[in-house]
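One structure is given below, encoded as structure tokens.
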Amino acid sequence: MSLLCTICARGGSKGVVGKNARDLLGKPVLAWSIEQARETGLFHAIAFSSDSDALLEAALRAGADIAVKRPDEMATDTAPKLPAIRHCLEQAVVQTGMTPEIFVDLDVTSPLRLASDIRGAVDLLRESGAGNVITGALARRSPYFNLVEQRSDGSVGLSKSADPPITRRQDAPRCFDMNASIYVWRVAPFLDQPAVFYPDTRLFEMPEERSIDIDSDIDFTLVELLLRERLKI
């Protein structure tokens, strides 16, 4: 079965300036996701979407097959990501002539994932028959036990209640932090109604050390340290 991979990255970034093209152990951040997609051997084509010509050129040099210029209205600070993913997918379908059943979107700022994580998420979609798969790591805080919300009056309380109350973290349902690393969708329902959550959404679990999303300078430092440890450099 032929699959498509989409990778979307804006040119602007306020948290970490220029993070998508920033050098990470000798290559731009965006190259890590492209190389991981290539390593899986799953994809007929890898499409990279951006509003930035410089990022599109860097992606092609890193091994992307298709460069998709993102419309300006999909590249603002407040623009949601799903329309950009859909646009990239539609352009990739047109350029390849494919009619894939499944596609994978990789977040460019999650370079700690492994190719085996991508394959595992795709396998879960196929085996479960679900409409889509997201990825996440076990949450450090449980909404049933020690994650609190602040109310409008300033008081705080548990984010989620249970009856009877849960008094030990070990007794709480397993909860996960979405790491935004890998999304796997069936193409037809996604094009009909783009969404992150459907009634049958499944989660592929990844360890915390492969789940850091670069959203700050501290995140970048942690990612670099973990990659150096992994690669022994």
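- You'll find the side chain of Thr96 reaches within 4.5 Å of the side chain of Ile66, heavy atoms only.
- By the criterion of side-chain heavy atoms lying less than 4.5 angstrom apart, applied directly or through intervening Ile, Leu, Val, Met, Phe, Trp or Tyr residues, Leu226 is grouped together with Ile233 in one hydrophobic cluster.
- Counting only distance, with no hydrogens or angles, the side chain of Asp51 and the backbone of Gly11 share a donor-acceptor pair below 3.5 Å.
- At a threshold of 4.5 Å between non-hydrogen side-chain atoms, the residues Ser142 and Arg169 count as touching.
- Here His44 contributes atom NE2 and Cys5 contributes atom SG; the two are 13.0 Å apart, rounded to the nearest 0.5 Å.
- Between the side chain of Arg186 and the backbone N or O of Leu125, at least one donor-acceptor pair lies under 3.5 Å.
- Of all heavy-atom pairs between Phe204 and Asp117, the closest is CE2-O, 3.6 Å.
- A donor-acceptor pair is defined here as one N or O able to donate and one able to accept, closer than 3.5 Å; no such pair exists between the side chain of Trp32 and the backbone of Val108.
- Expressed to the nearest 0.5 Å, how far CG of Asn20 lies from CD1 of Ile7 amounts to 11.0 Å.
- Closest approach of Leu82 and Phe190 over heavy atoms only: CD2-CE1, 3.9 Å.
- Between Ala37 and Phe43, the shortest heavy-atom distance links the atoms O-CD1, 3.4 Å.
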Residue pair Tyr183, Val196: steps toward the side chain to side chain contact (heavy atoms under 4.5 Å, CB included) verdict: CA-CA 8 Å; Tyr183 295 91; Val196 173; 4.1 Å; yes
Residue pair Leu24, Leu227: steps toward the side chain to side chain contact (heavy atoms under 4.5 Å, CB included) verdict: CA-CA 9 Å; Leu24 178 60; Leu227 282 174; 3.6 Å; yes
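- The closest donor-acceptor contact from the side chain of Thr40 to the backbone of Arg119 lies at 3.5 Å or more, if one exists at all.
- Put simply, the side chain of Lys81 reaches to within 4.5 Å of the side chain of Asp105, judged on heavy atoms.
- The aromatic rings of Phe103 and Trp185 sit parallel, their planes meeting at an angle under 30°, below the 60° perpendicular limit.
- Smallest separation of non-hydrogen atoms from Ile182 and Ala121: CG2-CB, 4.1 Å.
- Looking at Pro194 and Pro83, their side chains never come closer than 4.5 Å, going by heavy atoms from C-beta outward.
- From Arg10, atom CZ reaches atom CE of Met74 across 13.5 Å, with rounding to the nearest 0.5 Å.
- Counting heavy atoms from C-beta outward, Leu114 and Glu39 have side chains that stay 4.5 Å or more apart.
- Note on Asp177 versus Arg141: no salt bridge recorded, every NZ/NE/NH1/NH2 to OD/OE distance being 4.0 Å or above.
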Arg230 vs Glu209, salt bridge (charged side-chain N to carboxylate O under 4.0 Å, His left out): CA-CA, chis, key distance, verdict: CA-CA 10 Å; Arg230 179 190 298 175; Glu209 65 269 19; over 6 Å; no
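- With contacts defined as side-chain heavy-atom distances shorter than 4.5 Å, the pair Val187/Ile102 does not qualify.
- A donor-acceptor contact under 3.5 angstrom links the side chains of Arg113 and Ser181, judged on distance only.
- Distance alone, capped at 3.5 Å, places no donor-acceptor pair between the Ser33 side chain and the Leu30 backbone.
- The main-chain N or O of Val29 is never found under 3.5 Å from a side-chain atom of Arg22 such that the two would form a donor-acceptor pair.
- One N or O on the side chain of Ser211 and one on the backbone of Pro207 form a donor-acceptor pair closer than 3.5 Å.
- Using a 4.5 Å heavy-atom threshold, the side chains of Leu147 and Leu158 count as separate.
- A salt bridge links Glu208 to Arg140: at least one charged side-chain nitrogen sits closer than 4.0 Å to a carboxylate oxygen.
- Rounding to the nearest 0.5 Å gives a distance of 10.5 Å between CD of Glu205 and CZ of Arg210.
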Candidate pair Asp65 and Arg38, rule salt bridge (charged side-chain N to carboxylate O under 4.0 Å, His left out), full reasoning: CA-CA 10 Å; Asp65 302 296; Arg38 186 72 63 196; 3.3 Å; yes
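- Counted within 6.0 Å of CD on Glu229, heavy atoms from surrounding residues, nucleotides or ligands total 12 or fewer; the atom is thus considered open.
- The hydrophobic clustering, which links ILVMFWY residues whose side-chain heavy atoms are closer than 4.5 Å, places Tyr198 and Leu89 together.
- Taking a 6.0 Å sphere around NZ of Lys27, one finds it holds more than 12 heavy atoms contributed by other residues, nucleotides or ligands.
- Contact between Val93 and Met98 at its shortest, heavy atoms only, is CG1-O, 3.2 Å.
- No more than 12 heavy-atom neighbours from other residues, nucleotides or ligands sit within 6.0 angstrom of CD on Gln193.
- Under the 4.5 Å side-chain heavy-atom criterion for Ile, Leu, Val, Met, Phe, Trp and Tyr, Leu42 and Phe48 are members of the same hydrophobic cluster.
- In this view, Ile218 and Ser216, Leu222 satisfy the side-chain contact (heavy atoms from CB on, under 4.5 Å) rule, not counting sequence neighbours.
- Between the side chain of Thr6 and the backbone N or O of Cys88, no donor-acceptor pair lies under 3.5 Å.
- Looking at heavy atoms from C-beta onward, Arg70 lies in side-chain contact with Cys8 at the 4.5 angstrom threshold.
- Looking at Asp219, Asp213, Asp217, Asp215 one by one, the single match for salt bridge (Lys or Arg N to Asp or Glu O under 4.0 Å) with Lys19 turns out to be Asp215.
- A distance of 9.5 Å separates CD1 of Ile166 from CZ of Phe145, quoted to the nearest 0.5 Å.
- Hydrophobic clustering places Ile46 together with Leu55 (ILVMFWY residues linked when any side-chain heavy atoms are closer than 4.5 Å, directly or through intermediates).
- Side-chain atoms of Asp107 and Thr109 form a donor-acceptor pair, as typed in the model, at a separation below 3.5 Å.
- Using a distance-only test at 3.5 Å, with no hydrogens or angles considered, no donor-acceptor pair links the side chain of Ser110 to the main chain of Leu106.
- Gln36 and Pro111 make their closest contact through NE2-O, 2.9 Å (heavy atoms, listed as atom of the first residue, atom of the second, distance).
- Hydrophobic clustering of Ile, Leu, Val, Met, Phe, Trp and Tyr side chains at less than 4.5 Å, counting indirect connections, unites Leu124 with Val122.
- No donor-acceptor distance shorter than 3.5 angstrom exists from the side chain of Glu149 to the backbone of Val156, with no hydrogens or angles considered.
- Note that CZ of Phe176 is 12.5 Å distant from CE of Met206, once rounded to the nearest 0.5 Å.
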